[in-house]
Participant: 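After the structure tokens below, expect a handful of questions from me.
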Amino acid sequence: MSTFYRLLGFLRPYKRGLIASWALASAAMVMTVALPYLTGRTVDTLRSGALHTQRHQLLARDHDRHTLLLLALAIVAAVLVRWVLTYLRRMIAGRVSLGIEYDLRELIYGHLQRLELGFFDHQQTGQLMSRATVDLQAVRFFLGYGLVFILQSVLTLALAGIAMILINPTLGLIAMAPVPFVVVISQRYGRRARPAVQEVQQRIAELTANAEENISGVRVVKSFAREPLQLTRFRHSVSRVFDQAMVATRLEARYNPMIGFLPQLGLAAVLLIGGRSVIHAHLSLGQFSAFYFYLNMLIAPMRSLGVTLGLAQRAAASGARIFQVLDRAPRLTSPPEAPPLPAGNGHVEFRGVSLRYEDPDEFGASYSSSLKVAPSQPARAVLRDVDLDVPAGRTIALVGVTGSGKTSLVSLISRLYDVSAGSVLIDGVDVRSVDLRSLRRAVAVVSDDPFLFSASIAENLAYARPGADAEEVERAAIRAQAHEFIARLPDGYETQVGERGLTLSGGQRQRLAIARALLADPRVLILDDATSSVDSSTERQIKLALDAAMAGRTTFIIAHRLSTIALADEIAVLDRGRVLAHGDHAELLESSELYREIVAKGLPDQVFLTRETRAREVSGL
């Protein structure tokens, strides 16, 4: 029930609309309840008119004709009023429903944006998409329409029951007798259906994750001609949804007919007992007709109670899944009233830094259990007691074997992760003590797999600084050696790139990412293997641009090419999360066995490391 109460909390901003919707629904139901009464009066008037005609009572017959006209007009008026009220109620309920959907989408997306990067390391994109779409729709439909439908059903039962008791108390109680049994069976159905429906929602989320993964990885699938394998996996996910949906369907098939059958017993009893009352003149034919119509009104909401409960159970299951996301508090936030990062030149210090990637949290664990994957390994240390001082304006290259902790180390600078021990300082200030947005505005990252949005090239370049004008955008592109190929595109800087920028080559995407970082004008620049996807000619052009761009700002270069390492003033050698050696090329050749091994394996590029700065530029750097 706590989930239901929390879901109802989303209705608070729409109290007026909800009250208006309920009032209109109630008024419409009053008109609906009036129709059987008017119909009963009409039947009695017709019967009375027929008797008066047989007896040649002309004045009484004319009176009956006049009464019949008035009743017909009253029925037409009641139908029209109900139509208007229903129209207004649906418009208001639709606005409430869409408003709730808007609020939920904004709330979920905003919350996801506040969660730290470590949260997404353990989640599937499709799972999160399912909660933000399929589950949200179920909640929205129930809150916007389901609650009003429940109110109408309850109001129908109450008004029709009262009307039947007023017509004939005994007959009314007989007709209402099945209601308690329907309520008990419905409660039992609800208890059993909720876990089944929740599992259906979970398996739909798995199916969404599978589909998203297949579409995102379609190039890999087609490259290895593995379409049959992926189709088999997708069929497995579909069959899991089907099997669990059948469990929920069997429950519905077991209980819903029973819920619909019980009111029919009341109808049979009313026809038998009420018919006898009419025959013995204890009940007029008009009263019996009205009673019959009221009973039919009573049967409809009882019969549809199973559908209503299904909506409620699906909303509760979906709400629980949404609240799993919303209840996951961000673990990497700015302190209250944190000051912005103070002005400085980008002096970066690592003091006794250690980093351990933690196990998935409870939210992630719930995914693991639902997906039936192996339990995660204990938290592993990726950095241990790192001490490194990088003066402002210096360029340092981080080298080491794969998995040595290079990317993890630079991720701490902009607080993509928080240190497990020690501290990271920029211009003498601990990064954990300043406003997170101001910190990340001071740091720009160019990764080995640059991400571009489905937007124009100009919009992608100005992403880090939306206020940049066209001239600034073009200047950054020129510095990143991207202007020439952009100018050759059909619409130049207004050319729309495809999803993730895959309509461009890898080298073009990297040059755009470099231009985007340059436009941000950061005090700390991080190049994570940023020239890995370019040819040697393009690499030469980019490095000339980078050499100028790095001047005056602190730069971290993660590279596996020795020609890229040559851009650095100093080099740090990492292995298994520790800094084994630190110095320039010549010093490390003498002091570090691991660095000598790296240089030996990169022999074709070694010539660039033995020349002076100007000579390196002439050689193509």
Side-chain angles (χ1 to χ4, degrees), residues 22-48 67-68 70-72 74-79 81-82 85-86 89 147-189 256-309:
W22 285 358
L24 291 170
S26 301
M29 287 311 304
V30 170
M31 293 297 102
T32 302
V33 169
L35 289 174
Y37 170 76
L38 294 173
T39 303
R41 287 286 307 276
T42 302
V43 170
D44 282 339
T45 301
L46 289 172
R47 188 177 183 186
S48 174
T67 303
L68 185 63
L70 292 177
L71 288 171
I75 290 174
V76 171
V79 171
V81 170
R82 185 179 66 175
L85 292 172
T86 303
R89 193 267 301 170
L147 285 177
V148 175
F149 187 68
I150 290 174
L151 173 71
Q152 282 184 308
S153 298
V154 172
L155 198 59
T156 301
L157 290 171
L159 293 177
I162 292 171
M164 287 190 295
I165 291 173
L166 289 175
I167 293 172
N168 189 305
T170 303
L171 208 57
L173 292 174
I174 292 173
M176 296 289 290
V179 172
F181 298 99
V182 171
V183 172
V184 171
I185 293 172
S186 299
Q187 287 178 338
R188 181 174 296 180
Y189 169 62
N256 272 6
M258 192 181 303
I259 294 173
F261 169 72
L262 290 175
Q264 301 299 327
L265 295 178
L267 177 61
V270 166
L271 289 174
L272 177 62
I273 300 172
R276 287 183 176 180
S277 297
V278 173
I279 292 172
H280 292 92
H282 297 150
L283 195 68
S284 72
L285 183 60
Q287 288 177 317
F288 179 79
S289 299
F291 200 97
Y292 177 77
F293 285 125
Y294 281 127
L295 185 56
N296 276 324
M297 288 177 57
L298 196 70
I299 290 173
M302 283 197 288
R303 185 181 296 169
S304 62
L305 194 58
V307 177
T308 308
L309 286 173

Participant: Quick one: pull up OG1 in Thr42 and CG in Leu35 and give me the separation to the nearest 0.5 Å.
Facilitator: 10.0 Å

Participant: State the CE-CG distance between Met29 and Leu157, to the nearest 0.5 angstrom.
Facilitator: 9.0 Å

Participant: Provide the closest heavy-atom pair for Leu155 versus Ser26 in the form atom of the first, atom of the second, distance.
Facilitator: CD2-CA, 3.2 Å

Participant: Would you name the heavy atoms of Arg89 and Leu24 that are closest together and state the gap between them?
Facilitator: N-CD1, 3.7 Å

Participant: Please name the pair of heavy atoms, one in Pro36 and one in Ala290, separated by the smallest distance, quoted to 0.1 Å.
Facilitator: O-CB, 3.4 Å

Participant: If we ignore hydrogens and angles and just use 3.5 Å, is the side chain of Tyr294 paired with the main-chain N or O of Val33 as donor and acceptor?
Facilitator: yes

Participant: For the atom pair CG (Leu159) and CE (Met164), what is the distance rounded to the nearest 0.5 Å?
Facilitator: 11.0 Å

Participant: For the OH atom of Tyr37 and the CG atom of Leu71, what is their distance to the nearest 0.5 Å?
Facilitator: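 Here the rounded value is 8.5 Å.
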
Participant: For residues 166-185, please give each side-chain donor-acceptor pair under 3.5 Å, one per line with the distance, not counting sequence neighbours.
Facilitator:
from: Asn168; atom 1: OD1; to: Thr170; atom 2: N; distance (Å): 3.3
from: Asn168; atom 1: OD1; to: Leu171; atom 2: N; distance (Å): 3.1

